[in-house]
Asks: 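Below you'll find the structure I mean.
These figures come from a predicted structure and were not determined experimentally. Here is how names work: the chains are called A, B, and so on, in the same order as the sequence lines, proteins then strands, and each is numbered from 1.
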Amino acid sequence: MDKTPTSGIKFYITTPIYYVNASPHIGHAYTTIIADAVARFKRFKGDEVFFLTGTDEHGEKIKKAALAAGKNTQDFVDEVSLNFSRLWEKIGVRYDYFIRTTDASHRQAVQKAIKILADKGDIYKSTYHSLYCVPCEAFWTDTQVKDAGNLCPDCKRPVETIEEENYFFKLSQYEPWLKQYLKDNPGFVRPKIRHNEVMGFLDNNKLQDLCISRPKTRVGWGIDFPLDNNYIVYVWFDALLNYISALGFGGDEKKFKKWWPADIQFMAKDILRHHAIFWPIMLKALDLPMPKAIFAHGWWKIGEEKISKSKGNIVNPLDLIKDIGVDGMRYFLLREVTLGLDGNYNWTAVVNRVNSDLANDLGNLVYRTLNMAEKYEQGKVNPSHTGIPGIFKEIFESMQTKYIALMDDYDFSAALESIFAFTSVMNKYVEDTKPWNLAKEKKEEEIRNFLYALLEGIRIIAIYLAPVIPQTAASIMRQLGLPETFDFRDAVWAKYKSYSIKKEAPLFPRIET
RNA sequence: CGCGGGGUGGAGCAGCCAGGCAGCUCGCAAGGCUCAUAACCUUGAGGUCAGCCGUUCAAAUCGGCUCCCCGCAACCA
């Protein structure tokens, strides 16, 4: 499927690494599918793409989750990490590298980064005071505890103040730089509302230095802190560095230089601050260039509520694909909501979207066209005229220009809408042309030209749909009797002058409820 | 005045940054067609764009105030 790159452009794209204390849900799938669709889109343009995803495997919570599962910690993280990578295989996610924070190369990169910062004088030791819930092994802020009635917000038991020696990273020192950088680069944090949010936060708060160590006596699962054997590295500090350790930072400098900085880093809005504040400052302190952009997308709410393990309103992607298929899920997630905003997930919306767009508009168009090609022309379509029909012209051209621009801007929903506007015109073309009458009148040539125009239109939308629904695109190509290998250079009218089709079952059966 | 998001036909949303015919999907009503997955095509009904005030030739869009809903409030990932 891979072609020789033609654009000469390199594109590095990341998802966050997912925390392995539980199995993946629809939110994880969402972020990863977004990144996969962008990666595929860029590959079809001819860019050389490096798409990174992976798992975040350190911290006391992981150790506890392993204990609860009655497993050795390493076995447990191996298992859960596999749940993620297997899910990605299953839903058509084609990443280039899967990083695990328990990898030796990652550990070395993190330790190297800390040494660099320490040598610069950006790390110091100090005493850390905080409210701590012993049963939960969790820290809480004053406000959190106060809002919970002076109890642990989680378990509602009394908290105690603890005091311990720790290592701190001089985050505060870089605050003026970060403010200026964000001001000068308003497109760095996307979408714009998130940029505004970060700016507002920085205007209203003073950054405190970040505590980046944890004593081994309390947290026993993490990367050894290179400056002091009694500590491990705080898990967020460890985790963020995956974006560069995966490229060989601190090891394979050639590979690292080739790919860094990232072109786009996706994440959900709940981890915006880590990526918009900690991460740029860490890079700045390491003298590394900033990613070109970070993009915080919204949440899927189930009904009106946030997805939450304690509420038990988790949607398992594996269950969903059983009902609507891999491409049904990918399409729904990317089409239903404008990227960046929150979405409401409910079964009615899923069925509606899949039935009306994929089964009725697209699937039925393909099926009826192939059926007519078989019925009227025995599957062989040799037209006398390969020009684009007048009724197609305007919408076809508008689709081509809009689609590329919208996809480049990560507006999947509008990009898909522009494709479906064309399928709608093709359905109308069938009604207008009335091939069943032409058949009765034995106007063979007109039928062939009519069928050719539809097949050519279908071929081109399959190419454009491929980043989002790759299996469907491949199936369409197969049914058109064409190779399943293609890129955007093939999306020109009349590339093929005739068709010999191989009809299969409808692409998307209607979901009956 | 802690910060941010949202309130647009029955449902879910886009449009707002860069003011200029209120748009999309579903649903509903009527009609058409028969190649097709009860699909597809056409037409129609349905909105004081949360409210008030202001700027403007012109406001869903800009500014101010009010009400309601939802998140966040950083060493818990």
Asks: Does Lys206(A) reach a base, just sugar-phosphate, or nothing at all? Heavy atoms under 4.0 Å.
Replies: base
Asks: What interatomic distance, in whole Å, is found between P of rC17(B) and the corresponding atom of rA30(B)?
Replies: 41 Å
Asks: Tell me, for nucleotides 14-26 of chain B in 5' to 3' order, what letter each nucleotide earns: B for a base near a protein heavy atom under 4.0 Å, S for only sugar-phosphate near one, - for neither?
Replies: S--S------SSS
Asks: Table please: side-chain donor-acceptor pairs of residues 235-243 of chain A below 3.5 Å, with sequence neighbours left out.
Replies:
unit_1	atom_1	unit_2	atom_2	d
Trp236(A)	NE1	His274(A)	NE2	3.4
Asp238(A)	OD1	His106(A)	NE2	2.6
Asp238(A)	OD2	His58(A)	ND1	2.6
Asn242(A)	ND2	Ala239(A)	O	2.8
Tyr243(A)	OH	His275(A)	NE2	2.7

Asks: Not counting sequence neighbours, which residues clear salt bridge (charged side-chain N to carboxylate O under 4.0 Å, His left out) with Asp209(A)? List them please.
Replies: none
Asks: Closer than 4.0 angstrom, basic N to acidic O: yes or no for Lys216(A) and Asp224(A)?
Replies: yes
Asks: Assign Asp209(A) to base, sugar-phosphate, or nothing according to its heavy-atom contacts below 4.0 angstrom with the strands shown.
Replies: nothing
Asks: Between rA59(B) and rG10(B), how far apart are the C1' atoms? Round to whole Å, please.
Replies: 27 Å
Asks: Within the 4.0 Å limit for protein heavy atoms, which parts of nucleotides 28-35 of chain B are touched? Write it as a string from 5' to 3', B for base, S for sugar-phosphate only, - for none.
Replies: ----BSSB
Asks: Closer than 4.0 Å, any side-chain N/O of Tyr234(A) to the OP1 or OP2 of rA77(B)?
Replies: yes
Asks: Please work out the stems of RNA chain B from pairs that are Watson-Crick or G-U wobble with both distances under 3.5 Å, keeping only runs of three or more consecutive pairs.
Replies: B:2-7 with B:67-72, B:10-13 with B:23-26, B:28-32 with B:40-44, B:50-54 with B:62-66
Asks: Detail all sub-3.5 Å separations between protein N/O atoms and N/O atoms belonging to nucleotides 7-10 of chain B.
Replies:
none

